[in-house]
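Report on one structure; see the data block that follows.
One-based numbering along the sequence shown. Keep in mind it's a predicted model, so treat the numbers as computed, not measured. The analysis underlying the following values was restricted to heavy atoms, covering all of them including side chains, and did not include hydrogens, waters or symmetry mates.
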Amino acid sequence: QVRLVESGGGLVQAGGSLKLSCVASGGTIKNTVIGWFRQAPGREREFVSAISWAGGNTYYLDSVKGRFTNSRDDDKNTVYLQMTSLKPEDTAFYHCALSRSLYVSTRSADFNIWGQGTQVTVSS
């Protein structure tokens, strides 16, 4: 069973950057879709980004387009979310998740393996 572990979260000032990592163990992430989701206190979980098999296609929440970059290194079994120009509204708990679907989905229900998450806090 694949296990996902996120890291790289922290406290940063508005306008700053963070790079999240999602490392898989117990199996390969090759031929899987990896998504990033976030949840802020009192709010529902929302899709942030997803990357297709081999990184050929990436998808983003409109509010993060141009600021976040999703990438993967299958040889390292790792997916990255580079976040720049961070805003206070990006503050949330960020999770990576894995889907074995052939198609990229933005729905959390389509992802069946989840990491424990990492906190991102952006101060104004």
Do the two ring centres, one from F111 and one from F37, sit under 6.0 Å apart?
yes
Hydrophobic cluster identity match, [X] and [Y], side-chain contacts under 4.5 Å:
{"X": "Y103", "Y": "I51", "answer": "no"}
{"X": "L86", "Y": "F93", "answer": "no"}
{"X": "M83", "Y": "L61", "answer": "yes"}
{"X": "Y94", "Y": "F47", "answer": "no"}
{"X": "Y80", "Y": "Y60", "answer": "no"}

Return the minimal non-hydrogen interatomic distance between [X] and [Y], and the atom names on each side.
{"X": "V2", "Y": "A24", "value": "CG1-CB, 4.0 Å"}
{"X": "A92", "Y": "A40", "value": "CB-N, 3.9 Å"}
{"X": "L81", "Y": "S49", "value": "CD1-CB, 4.2 Å"}
{"X": "S124", "Y": "P88", "value": "CB-CG, 3.8 Å"}
{"X": "A50", "Y": "V104", "value": "CB-CG1, 3.6 Å"}
{"X": "G8", "Y": "L18", "value": "O-CD2, 3.7 Å"}

Please assess T91 against R38 for the test side chain to side chain contact (heavy atoms under 4.5 Å, CB included), listing each intermediate value before the final yes or no.
CA-CA 9 Å; T91 295; R38 67 187 182 187; over 6 Å; no
For I113 and L4, what are the C-alpha separation, side-chain angles and deciding distance, and is it a side chain to side chain contact (heavy atoms under 4.5 Å, CB included)?
CA-CA 7 Å; I113 297 175; L4 303 176; 4.1 Å; yes
Quick one: does [X]'s side chain have a donor or acceptor within less than 3.5 Å of a partner on [Y]'s backbone?
{"X": "D73", "Y": "V79", "answer": "no"}
{"X": "E6", "Y": "C96", "answer": "yes"}
{"X": "T32", "Y": "S99", "answer": "no"}
{"X": "T121", "Y": "L11", "answer": "no"}
{"X": "D110", "Y": "S105", "answer": "no"}
{"X": "T84", "Y": "R67", "answer": "yes"}

Evaluate salt bridge (Lys or Arg N to Asp or Glu O under 4.0 Å) for D74 paired with R72, printing each intermediate quantity in order.
CA-CA 6 Å; D74 286 357; R72 65 191 295 160; 2.8 Å; yes
Presence of salt bridge, D90 and K87, under 4.0 angstrom:
no
Taking the six-membered ring of W53 (Phe, Tyr or Trp), confirm whether the NZ or CZ of R100 is under 6.0 Å from its centre and within 45° of its axis.
no
Nearest 0.5 angstrom please: [X] [atom1] to [Y] [atom2], how far?
{"X": "I34", "Y": "I29", "atom1": "CD1", "atom2": "CD1", "result": "5.0 Å"}
{"X": "S7", "Y": "Q116", "atom1": "OG", "atom2": "CD", "result": "8.5 Å"}
{"X": "R45", "Y": "S108", "atom1": "CZ", "atom2": "OG", "result": "5.0 Å"}

Could you walk me through whether W36 and N70 pass the side chain to side chain contact (heavy atoms under 4.5 Å, CB included) test, one step at a time?
CA-CA 9 Å; W36 288 93; N70 196 347; 3.6 Å; yes
T118 versus L20: any side-chain heavy-atom pair under 4.5 Å?
yes
Before you tell me yes or no, could you show the steps for S71 and Q82 under side chain to side chain contact (heavy atoms under 4.5 Å, CB included), namely the whole-Å CA-CA distance, both residues' side-chain angles and the distance that decides it to 0.1 Å?
CA-CA 8 Å; S71 62; Q82 176 70 56; over 6 Å; no
